[in-house]
Amino acid sequence: MHKVLSVGCGAPVGYHFSPAREHDSRHLQIDESWQGCGLLADLAYASLARLRACNAYGVRLVIRLKDNWKPKVDSLARGQVTQEFCPGTDLDVLLEQEILVLNGHTVDADVRVGSPNQPWHLRLVGAPHTPKGDGFFLTNLPPRLGPRQIADRSRVRWEVERRMQLDKAVHRLDQVDAERACSVKTLLHASLIASMIAALLAHTHHRQTRPSQEGEPRTAAPLPPRRLALPLAVSCQSMAHAFDLKGATAKRRWQQIAAWLTHSGRDPNWRRRPAVLDQLRGWKRHPVVRHRTNRRHLKAAA
């Protein structure tokens, strides 16, 4: 199953099926429908043809630098250098000869990738202390976004990994044991619909509980789709029974189900460890305040 996910709401906006033996990269086509959107992809989808397609259709992209691309640095807007260098010098040469020194500093440079006859001009940004160490990223985002901001946007790609974990861990997408093609497609569509319901419910709850004014702290815990999908799958029989109810009894029953889903699906660590996407939305880390009175109670109980 190949899905194009909306990072904002977490639900797929496009999908199709293919044999598992085929590589995923050949099924990602950048065309007119991507105009005005952004692309976050891992190195499995990195290709110069795809970069040119993003430029042709006005698609913003952030992708980690591939080892064999060997970008040539034309100019350096941010970074620590020990001496001058000629435009077009390889990035590897600058690093090996210590002309460009990292040492915890960010890097922002204009580079060329691809063949000399058809070079592709991009920004190369380096952000230290990323989850995988010092990382370099290629992007066509405007310079008003610094290297650390671009690195944070690259980390949003893990939202896709979370959706895949939702499909496999909760909806058992990787355990389909049907033999006929029609049965396989039916089970895949059932898993896809269940994931969409969980993602859209979580997104609706997020919009209804967000602060009324920008900049205000959030007071209600968000509902991650994966945590919400677990109680949602357990309560499917209760919801099926609630569809048969009418009037005030049905309303009261649906309110009970909604309260239980909200309580069971909320993230207990949303203040201390908000998700990367939530941090980009303006949520800040709030360390948990541990009261000393709890220790006194423990000593009294002992």
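The backbone N or O of Leu245 lies less than 3.5 Å from no partner atom in the side chain of Thr249, so there is not a single donor-acceptor pair. Judged purely by atom type and a 3.5 angstrom limit, His189 uses its side chain to pair as donor or acceptor with the backbone of Lys185. Counting only distance, with no hydrogens or angles, the side chain of Arg266 and the backbone of Ala221 share no donor-acceptor pair below 3.5 Å. With hydrogens and angles ignored, the 3.5 Å screen pairs a side-chain donor or acceptor of Thr89 with a backbone N or O of Cys86. For Gln29 (side chain) and Arg26 (main-chain N/O), a donor-acceptor pair under 3.5 Å exists by modelled atom type. Distance alone, capped at 3.5 Å, places no donor-acceptor pair between the Arg78 side chain and the Gly126 backbone. With hydrogens and angles disregarded, a donor-acceptor distance shorter than 3.5 Å links the side chain of Asn140 to the backbone of Leu61. In this structure, Arg123 contributes its side chain and Pro142 its backbone to a donor-acceptor pair below 3.5 Å.
Ala198 and Leu228 make their closest contact through O-CD2, 3.7 Å (heavy atoms, listed as atom of the first residue, atom of the second, distance). Residues Arg50 and Ile30 come closest through the heavy atom pair CG-CG1, 4.0 Å. Of all heavy-atom pairs between Asp74 and Pro87, the closest is O-CB, 3.6 Å. Scanning all heavy atoms of the two residues, the minimum distance from Ser154 to Val62 falls at CB-CG1, 3.8 Å.
Classification of Asp90 and Lys72 as a salt-bridged pair holds, one side-chain N sitting under 4.0 Å from a carboxylate O.
If you check the side chains of Arg252 and Gln255, you find no donor sitting under 3.5 Å from an acceptor. Using a 3.5 Å distance cut-off with no hydrogens or angles, the side chains of Asn117 and Ser115 do not pair a donor with an acceptor.
Residues Leu141 and Val125 fail the side-chain proximity criterion, which asks for heavy atoms closer than 4.5 Å.
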>> If you apply the rule side chain to side chain contact (heavy atoms under 4.5 Å, CB included), what do you find for Asp267 with Leu223, and how did you get there?
In response: CA-CA 6 Å; Asp267 185 6; Leu223 300 180; over 6 Å; no
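Within 6.0 Å of CD on Gln149 lie more than 12 heavy atoms contributed by other residues, nucleotides or ligands.
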